[in-house]
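See below for the structure under consideration.
Protein chains get the first letters and strands the later ones, always in sequence-line order, with residue 1 at the start of each.
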Amino acid sequence: DAGITQSPRHKVTETGTPVTLRCHQTENHRYMYWYRQDPGHGLRLIHYSYGVKDTDKGEVSDGYSVSRSKTEDFLLTLESATSSQTSVYFCATGGGETQYFGPGTRLLVL
Amino acid sequence: GIQVEQSPPDLILQEGANSTLRCNFSDSVNNLQWFHQNPWGQLINLFYIPSGTKQNGRLSATTVATERYSLLYISSSQTTDSGVYFCAVIANAGKSTFGDGTTLTVKP
């Protein structure tokens, strides 16, 4: 499996606070993705990157921003967390064919 | 955007039974993958299959791109096959769309 780590793995925060999730890969994959998974919705794409400093919006991008300054790191920021952003967040990477997923981050916004 | 529909939403089998999961998509795609999410939440890629047929042990998959569907076959199911099976497609430049999944329960 691809070397993909996510940090933190669990986080509890309060409404209105900023939150940054980190995805780190050791595979030199070109593409990186952030998804959220909620009951009844499967996985929904938040943002993705197709290269350093090259990002684009996904299906549910409102309230989220991303940055990719290095091939190996893809950061997801919630500028002002809301309770509706309570979810499990997955990072994935790929070279253009197969996507490989990280272990996920459980975020609870109180 | 592209729509992905998976069926059935839920499936309960006895150990040893065979099953077929279906994924329909609304537009041409250049990438289609099947994933298994185990009960602990881990997502594992099963197949990259934008067209044609592939087999890996008891699992096989077929995509008919011209008719916009893909099938995942599970033979001689085992309790460890339980979990959620997702189909995901990419129509252009990396933007991927997942179906809502099929939840499979295999009973001993």
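- To the nearest 0.5 Å, atoms CG (Asp56(A)) and NZ (Lys95(B)) are separated by 5.0 Å.
- A heavy-atom distance below 4.5 Å is not found between the side chains of Gln37(A) and Phe98(B).
- When the shell of 6.0 Å around CD of Glu14(A) is examined, it contains 12 or fewer heavy atoms from other residues, nucleotides or ligands.
- Note that OG1 of Thr98(A) is 11.5 Å distant from CD1 of Ile49(B), once rounded to the nearest 0.5 Å.
- Hydrophobic clustering of Ile, Leu, Val, Met, Phe, Trp and Tyr side chains at less than 4.5 Å, counting indirect connections, unites Val84(B) with Leu43(A).
- Taking a 6.0 Å sphere around CZ of Arg58(B), one finds it holds more than 12 heavy atoms contributed by other residues, nucleotides or ligands.
- Note that the OH atom of Tyr48(A) and the CD1 atom of Ile90(B) stand 9.0 Å from one another [nearest 0.5 Å].
- Environment of CD in Gln55(B): crowded, with over 12 heavy atoms of neighbouring residues, nucleotides or ligands closer than 6.0 Å.
- The contact between Gln99(A) and chain B is made by backbone and side chain atoms together, counting heavy-atom distances below 4.5 Å.
- Residues Leu45(A) and Leu107(A) fall into different hydrophobic clusters, defined by Ile, Leu, Val, Met, Phe, Trp and Tyr side chains chained together at heavy-atom separations under 4.5 Å.
- Neither the backbone nor the side chain of Phe47(B) comes within less than 4.5 Å of any heavy atom of chain A.
- Phe86(B) and Val29(B) are assigned to two separate hydrophobic clusters, defined by single-linkage of ILVMFWY side chains at heavy-atom distances under 4.5 Å.
- For Gln37(B), the part lying under 4.5 angstrom from a heavy atom of chain A is the side chain only.
- Put simply, of Leu32(B), Leu43(B), Thr97(B), Asp100(B), the one with the most heavy-atom pairs under 4.5 Å next to chain A is Leu43(B).
- No side-chain donor-acceptor contact under 3.5 Å links Gln42(B) to the backbone of Phe101(A).
- A continuous path of hydrophobic side-chain contacts links Val109(A) to Leu76(A) [ILVMFWY only; heavy atoms under 4.5 Å].
- For the residue pair Phe90(A) and Gly41(B), the shortest heavy atom distance occurs at CZ-O, 3.5 Å.
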